[in-house]
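Convention: sequence-line order gives letters A, B, ...; per-chain numbering from 1.
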2 protein chains.
Amino acid sequence: MSESAPLQSGDQPERISDAEHAVMEVLWQRSPLTAAEVCEQVCEPRGWSLATVKTLLSRLVTKQALATEPDGKRFLYSPRVAREAYVGSESRRLVDRLFGGRAAPLFAHLAESDALTEDDIAEIEALLKELKS
Amino acid sequence: MSESAPLQSGDQPERISDAEHAVMEVLWQRSPLTAAEVCEQVCEPRGWSLATVKTLLSRLVTKQALATEPDGKRFLYSPRVAREAYVGSESRRLVDRLFGGRAAPLFAHLAESDALTEDDIAEIEALLKELKS
DNA sequence: CGTAGTCGATTACGCATGTAAACGATGGAG
DNA sequence: CTCCATCGTTTACATGCGTAATCGACTACG
């Protein structure tokens with residue numbers, strides 16, 4: 001082992017791209033799946049070929065976002081990072097970049113731009129009540 | 001004019017990259033500015049050279065995110081897209097990608113991950129009251 | 001036992017991005 | 001009038017991403 005990466009636990013998760021994210025969504029919904037099964041879920045809507053899905057899966061494995069488990073001659077893929085974690089880091093990224101790290105301005109912005117439906121508002125009110133209890 | 005782009009109003013704004021965004025922030029704060037002045041604001045913190053800033057400014061002009069106004073032999077740059085618009089589209093992108101277009105789950109997520117301070121919560125409550133009136 | 005289908009791995013290729021140096025025009029100093 | 005500093009523009013190059021074809025291995029069918 002001339003140059004093995006330490007890799008103990010100090011690696012922040014590598015950034016997942018847009019196309020890769022679509023693949024992750026499928027596997028967050030159900031896993032483990034084979035490449036072909038993933039393709040069944042995403043190839044049609046995104047106009048991809050199976051080859052594309054295979055590439056994305058490989059890259060995600062390299063990025064340590066997916067784990068593989070051999071099943072006969074093929075692999076089963078499953079997420080190694082929880083959706084919560086991904087969603088959390090992406091949200092924080094946005095809040096940091098655009099709102100100086102404060103969540104309230106984001107909320108204010110959504111409110112002002114009619115991005116909030118009646119239902120949203122009701123739901124958020126409910127959440128607030130819970131938070132205060 | 002063999003092939004003039006219609007360009008009337010049907011062009012959705014081109015995507016602004018991360019590095020470009022840093023430049024935009026400077027100009028959103030104060031404008032118009034020269035390339036050198038922009039550099040004064042961002043080169044130090046990001047470890048950039050003036051050349052890099054020049055490239056980013058050019059690309060932003062191409063993307064129609066900046067307008068130029070000649071001032072002697074140099075240019076003054078100012079934003080053509082409002083910060084509000086940019087922030088809005090980026091926020092919507094995130095909400096669409098991660099929360100199925102609904103803002104409430106985003107809020108729920110922020111709440112659960114302790115991303116909301118006391119102040120945030122108070123502010124949001126206030127905003128909610130306003131919304132309902 | 002050979003052959004066709006299927007797998008993951010390798011290679012490809014164009015465009016965007018981050019980062020910057022080189023170049024040509026030009027205006028101001030001497 | 002000449003030369004240097006300074007513009008914006010052009011060119012450069014590595015990396016990442018989107019999208020995919022090709023390749024070598026293997027398995028299942030005939």
All N/O pairs under 3.5 Å across the protein-nucleotides 28-30 of chain C interface:
none

Is the closest basic N to carboxylate O distance between A/Lys129 and B/Glu125 below 4.0 Å?
-> no
So how far off straight is the helix from C/dC1-D/dG30 to C/dG30-D/dC1, going by the axes through five pairs at either end, to 10°?
-> 20°
So, do A/Leu94 and B/Arg93 sit near enough that their side-chain heavy atoms are less than 4.5 Å apart?
-> no
Do you know the tightest heavy-atom contact between B/Leu110 and A/Ala103?
-> CD1-CB, 4.1 Å
Spacing of A/Leu76 atom CG relative to C/dC7 atom C1', expressed in whole Å | 12 Å
Short N-O contact, B/Glu37 and B/Arg30, less than 4.0 angstrom = no
Protein-nucleotide distance (A/Arg74, atom CZ; C/dG5, atom P), rounded to Å | 18 Å
Starting at atom CG of A/Leu50, determine the distance to atom C1' of C/dA9, rounded to an integer number of angstrom.
-> 13 Å
Does B/Glu118 have any side-chain contact (heavy atoms from CB on, under 4.5 Å) partners at least two apart in sequence or in another chain, and if so, which?
-> none
Option passing side chain to side chain contact (heavy atoms under 4.5 Å, CB included) with A/Leu57 (candidates A/Thr34, A/Leu27, A/Thr68) | A/Leu27
Minimum heavy-atom distance between A/Arg15 and A/Lys63, given as atom pair plus value | O-NZ, 2.9 Å
Base versus backbone protein contacts along nucleotides 13-30 of chain D [heavy-atom cut-off under 4.0 Å; B, S, -] = ----SBBBB---------
Under 3.5 Å, side chain of B/Arg83 to main-chain N/O of A/Leu98, donor-acceptor pair present?
-> yes
Heavy atoms of B/Val42 and B/Ala22 approach each other most closely as CG1-O, 4.0 Å
Nearest-Å distance for atom pair CG/P, residues B/Leu60 and C/dT17 = 10 Å
Set of side-chain contact (heavy atoms from CB on, under 4.5 Å) partners for B/Leu127, sequence neighbours left out = A/Phe107, A/Ala108
CG of B/Leu57 versus C1' of C/dT17: gap in Å, rounded?
-> 15 Å
For B/Asp119, side-chain contact (heavy atoms from CB on, under 4.5 Å) partners two or more places apart | A/Arg102, B/Thr117
